[in-house]
Amino acid sequence: MPKFTYEDFEVDEPRYFYRVREYVSTMGKDPGKNEPIELTQDFGGYDLLQCRAEAIQWYNERGRGIEKRGGYFLPFASPQNFVMGKNALFSIDLYFVEYYDDDNYTEYNLLGDSESEIEESRELERFALARKGLL
């Protein structure tokens with residue numbers, strides 16, 4: 001009898017995980033520091049509740065670290081207060097990711113700008129957690 005592995009079957013079921021993405025830029029206005037920096041950290045595994053807790057902890061630690069240091073290389077400012085060579089822009093986002101493959105995935109921002117975006121993201125998150133028996 002042949003042995004089958006998970007890879008032998010076409011899987012329609014998505015994989016879910018959490019993602020934290022940081023972005024720092026001088027908007028190309030600072031010589032020597034004109035390339036933006038992006039750091040992405042994924043938190044996935046069988047226990048999505050544990051992954052969620054780890055992602056939130058990472059998000060909070062990174063945000064607090066930025067506040068303490070005042071920035072990566074330069075202090076941060078809003079776009080209207082940007083001064084070349086004096087400051088940079090920073091953002092950090094927390095996503096719930098519905099992943100099928102590298103070309104087919106969606107990031108749902110759990111801390112989005114609009115209330116409807118946040119609610120849609122959290123609704124999918126609740127659905128996925130309930131489906132896995134974690135709620």
Side-chain angles (χ1 to χ4, degrees):
M1 175 174 257
K3 294 197 177 213
F4 293 101
T5 65
Y6 188 75
E7 291 80 20
D8 292 326
F9 298 96
E10 187 175 325
V11 178
D12 293 328
E13 188 71 22
R15 188 165 52 100
Y16 295 103
F17 58 91
Y18 292 86
R19 174 172 285 162
V20 177
R21 181 176 297 122
E22 298 172 67
Y23 182 79
V24 180
S25 177
T26 61
M27 300 182 346
K29 309 249 182 184
D30 184 14
K33 293 184 187 74
N34 52 9
E35 292 296 320
I37 298 168
E38 186 176 298
L39 173 65
T40 301
Q41 182 71 34
D42 290 341
F43 299 86
Y46 180 75
D47 186 347
L48 279 176
L49 291 177
Q50 178 65 32
C51 298
R52 183 180 196 276
E54 291 170 4
I56 290 171
Q57 180 179 354
W58 176 266
Y59 176 91
N60 289 332
E61 285 176 3
R62 299 298 292 182
R64 278 193 302 272
I66 292 300
E67 289 172 10
K68 278 183 179 178
R69 291 189 313 263
Y72 277 95
F73 307 109
L74 300 167
F76 299 113
S78 62
Q80 62 268 25
N81 294 326
F82 181 83
V83 178
M84 187 168 129
K86 302 260 183 199
N87 48 40
L89 304 173
F90 172 75
S91 70
I92 185 167
D93 295 297
L94 174 63
Y95 299 97
F96 185 66
V97 181
E98 181 179 37
Y99 179 91
Y100 294 90
D101 60 45
D102 287 346
D103 297 322
N104 187 10
Y105 65 91
T106 304
E107 296 175 333
Y108 295 90
N109 195 335
L110 294 172
L111 303 170
D113 292 331
S114 75
E115 199 59 41
S116 62
E117 177 185 9
I118 293 170
E119 186 51 40
E120 179 185 337
S121 298
R122 295 201 174 151
E123 186 176 322
L124 174 69
E125 179 188 33
R126 283 189 297 272
F127 169 80
L129 291 172
R131 192 162 187 200
K132 293 198 173 282
L134 297 170
L135 286 182

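These numbers come from the heavy atoms of this one structure, side chains and all, not from hydrogens, waters or symmetry mates.
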query: Minimum heavy-atom separation for Gly45 to Cys51, with atom names?
result: N-SG, 3.4 Å
message: What's the separation between atom CD in Glu117 and atom CG in Leu111, rounded to the nearest 0.5 Å?
response: 9.5 Å
statement: Value for CZ (Arg122) from CG (Asn109), rounded to nearest 0.5 Å, stands at 9.5 Å
- request: Kindly indicate whether the side chain of Glu125, heavy atoms from C-beta on, has any atom under 4.5 Å from the side chain of Arg52.
  value: yes
message: What verdict does the side chain to side chain contact (heavy atoms under 4.5 Å, CB included) test give for Tyr108 and Glu98, after you've listed the backbone C-alpha separation in whole Å, the side-chain angles of each residue and the deciding distance to 0.1 Å?
response: CA-CA 8 Å; Tyr108 295 90; Glu98 181 179 37; 3.2 Å; yes
task: Heavy atoms only: give me the nearest Tyr16-Leu48 pair and the separation to one decimal.
output: O-CD2, 3.3 Å
task: Nearest 0.5 Å please: distance from the CG atom of Leu110 over to the CZ atom of Arg19.
output: 12.5 Å
field: From CA spacing to verdict: side chain to side chain contact (heavy atoms under 4.5 Å, CB included), Tyr23, Asp93
entry: CA-CA 9 Å; Tyr23 182 79; Asp93 295 297; over 6 Å; no
query: Can you tell if the side chain of Leu39 reaches within under 4.5 Å of the side chain of Arg62, non-hydrogen atoms only?
result: yes
- line: The remaining residues in the hydrophobic cluster of Ile118, counting side-chain heavy-atom contacts under 4.5 Å among Ile, Leu, Val, Met, Phe, Trp and Tyr, are none
task: For residues Trp58 and Leu94, determine if any side-chain heavy atom of one lies less than 4.5 Å from a side-chain heavy atom of the other.
output: no
Please output the side-chain donor-acceptor pairs of residues 126-135 that fall under 3.5 Å, not counting sequence neighbours, one pair per line with the distance.
{"from": "Arg126", "atom 1": "NH2", "to": "Glu119", "atom 2": "OE2", "distance (Å)": "2.7"}
{"from": "Arg131", "atom 1": "NH1", "to": "Glu13", "atom 2": "OE2", "distance (Å)": "3.2"}
{"from": "Arg131", "atom 1": "NH2", "to": "Glu13", "atom 2": "OE1", "distance (Å)": "3.3"}

query: Residues sharing Val97's hydrophobic cluster, by side-chain heavy-atom contacts under 4.5 Å among ILVMFWY, directly or via others?
result: Phe17, Tyr95, Tyr99, Tyr105
Distance (rounded to the nearest 0.5 Å) between Tyr18 OH and Leu49 CG: 7.0 Å
